[in-house]
Amino acid sequence: MSPHTAMTATAPAAEATVRKSSPGAARGPRRRTGRLRRVGLPYLLLLPALLLELLVHLVPMVIGIVMSFKELTQFYIRDWSTAPWAGLDNYSVSVDFDAPVGQALLHSFLVTVAFTVLSVGLCWLIGTAAAVFMQDTFRGRGLLRALFLVPYALPVYAAVITWVFMFQHDNGLVNHVLHDQLGLTDKPSFWLIGDNSFVALLTVSVWKGWPFAFLIVMAGLQNIPRELYEAAALDGAGMVQQLRRITLPSLRPVNQVLVLVLFLWTFNDFNTPYVLFGKSAPEAADLISVHIYQASFVTWNFGTGSAMSVLLLLFLLVVTGVYLALTSRGRRTAS
């Protein structure tokens, strides 16, 4: 047998020997494929949620921005894409505070700011006080916790429509208690019209929102070691000093997120004033969400209403960005 024939016959055997001696070379492609599957599986599972987010939020947002640059009225509602372009006219009308449209929008904005500040502050204060109170062990604490969460668990319509009946002028529970039983007012008050409508709206908002603050703060309190309070008590620190030196500083990251979420929810709240007052809210409780609804679906000027919505979006983005920048700078300074 020639040398060439011998080399040809031994080549497959040598290749098989190399494959057997190096199993990692065969498992390399399989290992890379498994790694790609593990890395890509989370993104694949998130894909349906991302697509739904795109359809539910981003697509209507883009359409609303496009509508804000059009002269869209009831005459073009059948096919809004045929409405003529208005450029920045809708925005100029909205921010012209010398004109009736701009003045009404500015008044609604100021009412919404006052309402949001008071509602968020009271929700945080009541929720924090209730959460701190619930830290101590006593009989019936579990039942009381469940009762505290009832306003947050109720559907918005069922909760607010109950308050509508309670605020009735002639046979409402609020006037019955304040006027008939306690005698705090000279005559029954109108709560759903006039200046008292702001108080009624604020009451319902706080009643509905403080359990959420209570739930978040109570969860944050679970992460504070009890040894800190025991050591502070041994050093002579009272309840107020423990609250100032231990509880509030430890809850700072939780409160930063909580205040931001409450602010965004309250400033954009539409369900509460709409169910409480209907399509036409009183001037004292004219929140900007209902005002934009009226500008769009009552006067049938969807271009101006879309411009107001875009301005509201820009305002919330700016406030959120400034708030996150300030809070992150505070965390870096504290660390």
Side-chain angles (χ1 to χ4, degrees), residues 57 108-135 145 148-154 156 159-160 198-225 228-229 239-273 276 285-292 309 311-335:
H57 290 93
S108 177
F109 175 77
L110 295 177
V111 170
T112 307
V113 170
F115 165 74
T116 302
V117 171
L118 292 175
S119 178
V120 172
L122 290 175
C123 286
W124 177 84
L125 182 61
I126 298 174
T128 302
V132 172
F133 173 73
M134 284 295 172
Q135 287 301 106
R145 283 181 176 179
F148 281 174
L149 295 177
V150 168
Y152 181 69
L154 284 176
V156 176
V160 178
F198 183 86
V199 179
L201 178 61
L202 182 63
T203 302
V204 177
S205 177
V206 173
W207 177 84
K208 187 170 59 70
W210 78 265
F212 176 75
F214 162 73
L215 184 65
I216 299 301
V217 174
M218 187 174 60
L221 289 174
Q222 306 302 318
N223 297 323
I224 303 177
L228 295 177
Y229 293 100
M239 182 181 299
V240 177
Q241 291 180 336
Q242 293 179 16
L243 183 65
R244 290 182 54 191
R245 304 297 182 181
I246 300 176
T247 305
L248 293 181
S250 300
L251 289 176
R252 184 175 300 171
V254 175
N255 285 330
Q256 289 173 353
V257 178
L258 174 62
V259 170
L260 179 60
V261 172
L262 286 176
F263 168 77
L264 294 176
W265 283 359
T266 307
F267 208 96
N268 283 320
D269 190 14
F270 174 80
N271 296 325
T272 302
L276 199 61
D286 185 21
L287 298 187
I288 196 168
S289 57
V290 180
H291 186 85
I292 293 175
S309 300
L311 292 175
L312 175 61
L313 174 63
L314 294 176
F315 170 77
L316 293 178
L317 288 176
V318 170
V319 173
T320 303
V322 172
Y323 178 82
L324 292 177
L326 293 177
T327 53
S328 61
R329 182 182 301 175
R331 286 195 300 268
R332 289 195 300 266
T333 303
S335 61

Side-chain donor or acceptor of Thr112 paired with backbone N/O of Ile288 under 3.5 Å =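 Such a contact is found between Thr112 side chain and Ile288 backbone.
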Heavy-atom donor-acceptor pair, Thr320 side chain to Leu317 backbone, under 3.5 Å = no
Among all residues two or more places apart in sequence or in another chain, which pass the side chain to side chain contact (heavy atoms under 4.5 Å, CB included) test with [X]?
{"X": "Val199", "value": "Trp191, Thr203"}
{"X": "Phe133", "value": "Phe138, Leu144"}
{"X": "Arg145", "value": "Met134, Arg141, Phe214, Met218"}
{"X": "Val150", "value": "Leu154"}

Asn268 and Leu312: side-chain contact (heavy atoms from CB on, under 4.5 Å), yes or no, with the steps?
-> CA-CA 9 Å; Asn268 283 320; Leu312 175 61; 3.7 Å; yes
On a heavy-atom basis, which atom in [X] and which in [Y] lie closest, and how many Å separate them?
{"X": "Pro225", "Y": "Tyr229", "answer": "O-CD1, 3.8 Å"}
{"X": "Trp207", "Y": "Ala159", "answer": "CZ3-CB, 3.6 Å"}
{"X": "Leu287", "Y": "Pro273", "answer": "CD1-CG, 3.8 Å"}

Contacts of type side-chain hydrogen bond (donor to acceptor under 3.5 Å, both in side chains), residue [X], not counting sequence neighbours:
{"X": "Thr116", "value": "none"}
{"X": "Gln242", "value": "none"}
{"X": "Ser108", "value": "none"}
{"X": "Ser119", "value": "Ser205"}

dist Met239:CE -> Thr247:OG1 (nearest 0.5 Å) comes out at 10.0 Å
Give me the one residue out of Leu316, Asp269, Val259 that meets side-chain contact (heavy atoms from CB on, under 4.5 Å) with Leu264.
-> Leu316
Name the atoms and distances for all side-chain donor-acceptor pairs under 3.5 Å in residues 121-130, with sequence neighbours left out.
unit_1	atom_1	unit_2	atom_2	d
Trp124	NE1	Thr128	OG1	3.4
Trp124	NE1	Asn255	OD1	2.9
Thr128	OG1	Trp124	O	2.7

For Phe212, the ring pair (Phe, Tyr, Trp, His ring centres under 6.0 Å) test, sequence neighbours excluded, returns Tyr152, Trp265
Set of residues satisfying ring pair (Phe, Tyr, Trp, His ring centres under 6.0 Å) with respect to Phe315, sequence neighbours excluded = Phe109, Phe267
Measure the shortest side-chain to side-chain distance between Leu324 and Leu260 over non-hydrogen atoms and say whether it is less than 4.5 angstrom.
-> yes
